[in-house]
Each structure stands twice: as C-alpha cells, then as structure tokens.
Amino acid sequence: MISLHDRVRAVVWREDALELLDQRRLPDTVVYRRLTVAAEVAGAIRGMVVRGAPAIGIAAAYGVVLAARARYAEHPDRWRERITADLAELAAARPTAVNLVWALRRMERVIAQTAGDPAERLLAEARMIHEEDIAANRRMGELGAALLGERGAVLTHCNAGALATGGYGTALGVIRRGYEAGLVERVYADETRPWLQGARLTAWELVRDGIPVTLLADGAAAALMSQSAVRWVIVGADRIAANGDVANKIGTYGLAVAARHHGVQFMIVAPASTVDMSIASGAEIPIEQRAAEELLTLGGQPVAAAGTEVWNPSFDVTPAALVDALVTERGVVLAPDAAKMARLMAE
Ligand code: MRU
C-alpha cells in the first residue's frame, strides 16, 4: 500500500516487462522506460537509469526473469547454462552496492531448484525481493524514528528514498516516519555532486510529500552543523562490512567526520541485504570510479579547464567508529563493531 508520504515507485513490473523510472530525467520529466531483455537492465543499471543499492538489486532480479524467459524460449534444455552469461553481465553492472549480487544469488538459488519453464517461479521470487524491501523500509522507518529524540532538523546526502529502493526509502523512510511523528522539522539535502541525487531526487521526493526541504551545496554541510542547525545526519549505505564500516555516496565520510566534531549524531539506515559479512572491513569494499566527464561537465557544458585530470570515486567508506546508530530491519546497532554486527546477522 502506498501511503501519503510515499508516492513513487522507481521499479515496476507491468505486463511482462520491467519499467524503470528514468532517474536521469528527474526532476523535469517523469518517464518510465520499458525493458524486455536482461542486457537492457544491465545497461540501465550501469547508466544510472535506476540507482540506489536496493533498487539496483530489485531491478536485477526482474532482469533475471527476462533472461530466463529468453533463454528458455531459445533452448528449454540448456537455458540454465546459458543464463549464466546474463547473470554475470548483471552482476558486473556496478561494483559497490552489494544488494546487486545479493539479489542475484537469491535468483540463482531458485534457478537451481527449478525444472521446466522457470519464468513464473523467478517472477515470484523477484516480486518477493521487492515486497520484502518495502516492508524492511517500513520497519526501519519505525526503528530509526524512535531514535530521533527531540524535534529538530536533519541532514541527508544523496538519495536513499523511494527512488533508491523498492519504495518508501531507507534514510528517507526514517525521515518520512519522523516527519509524520512530528520529530523532523526540516530536511537539509546536500546537492550531492556530481550526479546531484540530492537536488534532483531527494528534494523532488520531499517536495512531493510536502516535507520541508532546504538544499545546500555539499561544501556547506560542516558550516550548517557548526550553527547547531541539525540534530542528526541520516544516510543510506551501499555496502556494510562485518566490522560496521559503511560504503555510501562520496561525501558521506566527510559528513561523518564533521558530525562527530560538532556533536551531531550520525545514523546509517540500510536493510540486511546491504550487509556483507564476507568482508572484514571497509578496506575490502570495491569503490566504483566513474567517468571524468561527470566532473568536467555540468548539464553537458564544460565546467573545468581543458586538460584537467579527474579523481571521481562514486563512494567512500565511513569507519564504524564514526557511526552512532546503524538501523536495519533486524534491529538497531548503536556504535557498531564486529561483535555487534555478528550478533545482528546471526539472528
Ligand atoms: O550512485 P548511486 O546514486 O547509486 O548511489 C546511491 C547511494 O549512495 C545511496 O545512498 C545508497 O545506495 C543507499 S540507497 C537506499
């Protein structure tokens, strides 16, 4: 059910095809792209038509349905071996968000158990991954909002909203629930260079929901904190290591440092599907490097001197020691460390 403060779906399965809200076109244009083959889904993930860790995983799961349909039609006896190329292409689309391979592994387990035409069982699994994500976000919204304490303003970075998930959002789920409960007065949204997810996506979601939002340049966040203007920084995650280190959109680490310096609390909100217990620390998280053009141009116009070299990591790693609260649908971990993460994930 879509409630008042959650009006958009980025990923939709409709009439035997995957429809993705083209997030490159927001906020000007709301248009869905209809995809019917798995390679298009991998391309859409690579090209940022769909983005945000959980949404990428959900889109990939539906991509497997499209792949299975094509491979089974091609060769009903050999579809299982042929689909491995599609799974590999989907898995390679983006490296940092672990939700992508997590969702593909779930689909692979169904593939291994399925005899005959796999389309229906795989579609059921993809839908389940999608529905479970929305339910997890609702639960995290409750758990995270319960931590907020006194009414005040919060700061968020990138987009961890309905657009980045199956619906409702992780960090924005907590903010939506906190706003409903009267605990969030205003949301400060970093614009989030270079893709401007904060300006184009988070502000768009919040304005649509009637939640007061103030946009700021990424470089203004520390100054905002120095004025005691925010009580919490609330962000999502792309991958969380076994010791609680967190990879998220580039700029998150700097926010965590500034938050600790100014006595502002720092909250990570992410489903258990974002936790990667196979890696000991954030040092092992693969960080996506993206094209130089993303920094050299803005809206297609050059903004840097010709010949400038570029460093453009899409994510950074915040050490667990800077995280005050990690909210998952399994529960809240305060001041996460390896022992607490192991307990959380064992439950
Ligand atoms: O490059 P993006 O837009 O996919 O990066 C997204 C983020 O960093 C989000 O904060 C993260 O995926 C959490 S989304 C619930």
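Both ligands and their constituent atoms are indexed starting at 1 by order of listing.
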- [ ] Please name the pair of heavy atoms, one in Leu90 and one in Gly63, separated by the smallest distance, quoted to 0.1 Å.
- [x]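 Distance-wise, the nearest heavy atoms are CD1-C, 4.1 Å.
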
Task: His75 NE2: over 12 foreign heavy atoms closer than 6.0 Å - done: yes

Task: Other residues, nucleotides, ligands: >12 heavy atoms within 6.0 Å of Tyr72 OH - done: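 Counting other residues, nucleotides and ligands, OH of Tyr72 exceeds 12 neighbours.
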
Open item on the list: Holding to side-chain hydrogen bond (donor to acceptor under 3.5 Å, both in side chains), I want the full list of residues that pass it with Thr328, two or more places apart in sequence or in another chain.
Closed with: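 With neighbours one apart ignored, the set is empty.
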
Taking the non-hydrogen atoms of [X], is any one of them nearer than 4.0 angstrom to ligand 1?
| X | answer |
| --- | --- |
| Glu288 | no |
| Met48 | yes |
| Val235 | no |
| Pro54 | yes |

Open item on the list: Quick check: is Val49 connected to Val12 through a chain of hydrophobic side chains (ILVMFWY, heavy atoms under 4.5 Å apart)?
Closed with: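 No; tracing contacts between hydrophobic side chains, which count when under 4.5 Å, never links both residues.
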
TODO: Find out if a path of hydrophobic residues (ILVMFWY) with successive side-chain heavy-atom gaps under 4.5 Å connects Leu163 to Val50.
DONE: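 No, no single cluster joins them.
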
Would you mind listing which atoms of ligand 1 come within a distance below 4.0 Å of any non-hydrogen atom of [X]?
| X | value |
| --- | --- |
| Gln197 | 1 (O), 2 (P), 3 (O) |
| Ala160 | 14 (S), 15 (C) |
| Arg94 | 1 (O), 2 (P), 4 (O) |

Can you tell which part of [X] has a heavy atom less than 4.0 Å from ligand 1: side chain, backbone, both or neither?
| X | answer |
| --- | --- |
| Trp195 | neither |
| His157 | neither |
| Lys249 | both |
| Cys158 | side chain |

Task: Contact check, side chains of Glu19 and Trp13, non-hydrogen atoms, under 4.5 Å - done: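 They are not in side-chain contact.
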
Top protein contact for [atom], by heavy-atom distance:
| atom | value |
| --- | --- |
| atom 9 (C) of ligand 1 | Asn248 OD1, 3.4 Å |
| atom 7 (C) of ligand 1 | Asp238 OD1, 3.3 Å |
| atom 14 (S) of ligand 1 | Ala164 CB, 3.5 Å |

Task: Distance, nearest 0.5 Å, that separates CG of Asp117 from CZ of Arg69 - done: 10.5 Å

- [ ] Could you tell me whether a side-chain N or O of Asp276 sits under 3.5 Å from a main-chain N or O of Arg239, the two making a donor and an acceptor?
- [x] no

N/O of [X] under 3.5 Å from N/O of ligand 1, yes or no?
| X | value |
| --- | --- |
| Ala53 | yes |
| Thr170 | no |
| Thr165 | no |

Open item on the list: Against Asn312, only a single residue in Glu294, Arg290, Arg193, Gln289 fulfils side chain to side chain donor-acceptor pair (under 3.5 Å); can you say which?
Closed with: Glu294

Task: Trp204 six-ring face occupied by Arg200 cation (under 6.0 Å, within 45°) - done: no

